[in-house]
Amino acid sequence: MNLARIQTPLGTFRAYFSAHGLARLEFPSARAASRNKTRRLPPSNSKTQAPDFQPAGLHVWQAVTAKALGAALSGHAPKAWPPLDWSGGTDFQRRVWVALRRIPPGQTRTYAQLAATLGQPRAARAVGGACGANPIPVLVPCHRVTAASGGLGGFSGGLAWKRRLLAIEGVNLRRARKLR
DNA sequence: ACTGGGTAAACAG
DNA sequence: CTGTTTACCCAGT
């Protein structure tokens, strides 16, 4: 895995690139959190990691990722994306992550709505699990998925980040709940 | 506001 | 294969 630090107004994110693209994005201070708590977020196939690879477009990927992250943190949809390496996910998880990317900034969906768009209206709970396993938060906007009850649901990076990201996009949680 | 039953998927053993 | 654990949902109190 190839690490890049991305400075933003909200802190330094860490982006990990495999030979196939962006594989993981960590919030600032996710390091300390992952040391203390037994956060088993990454699909970390520490065994299958290639020793020394240097993807041809790595620097371009890093620049594109930094720009995309900057846009996302300003509440805009990125104009360009790096390739995403989702090889660690199951088929179901990848379907959920694809669906996540079709939710525009400023909008939210419930876990049940997302499940319905996948043609599995009863899989709300499983969708929650897949969101929690999303290795690329912010860019793959799992923060736009909330509980149907009006609650926030959960967030792998901590609920404070979820609230923050939604606030940046202008989502008023109280109003979003009412409109439902 | 709270509860219980239903549910899909991942995971440990 | 069975049992356990979820970032859930909904119809009942």
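Chain A is the first sequence line, chain B the second, and so forth, proteins listed ahead of strands; every chain is numbered from 1.
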N/O donor-acceptor pairs under 3.5 Å from side chains in residues 61-78 of chain A, not counting sequence neighbours:
residue, atom, partner, partner atom, Å
A/T65, OG1, A/W61, O, 2.7
A/S74, OG, A/G70, O, 2.8

Query raised in the report: Quick one: what's the B/S/- string for nucleotides 7-13 of chain C, heavy-atom cutoff under 4.0 Å, read 5' to 3'?
Result: BBS----
Query raised in the report: Can you check whether A/V140's main-chain N or O pairs, donor with acceptor, with A/N134's side chain at less than 3.5 Å?
Result: yes
**Report entry** Test ring-ring contact (aromatic ring centres under 6.0 Å, His included) applied to A/W161 - qualifying residues, sequence neighbours left out
**Finding:** A/F13, A/F27
Query raised in the report: If you group Ile, Leu, Val, Met, Phe, Trp and Tyr by side-chain heavy-atom gaps below 4.5 Å, do A/I103 and A/V98 land in one group?
Result: yes
Report summary line: Separation of C/dT6 atom P from A/R122 atom CZ, nearest Å, is 24 Å
Report task. Return the set of residues passing ring-ring contact (aromatic ring centres under 6.0 Å, His included) with A/W81 (not counting sequence neighbours), or none when no residue passes. Result -> none
Query raised in the report: With sequence neighbours left out, which residue pairs that include part of residues 145-170 of chain A fulfil the salt bridge (charged side-chain N to carboxylate O under 4.0 Å, His left out) condition?
Result: A/R144-A/E169
Query - Residue pair A/Y111 / A/G153: nearest heavy atoms and the distance that separates them - result: OH-CA, 3.8 Å
Query raised in the report: Please, what dot-bracket string fits DNA chain B when only Watson-Crick and G-U pairs with both distances under 3.5 Å count, crossing ones use [ ] and pairs to another strand use |?
Result: ||||||.||||||
Report summary line: Heavy-atom closest pair (A/A23 atom, A/I136 atom, distance to 0.1 Å) is O-CG1, 4.0 Å
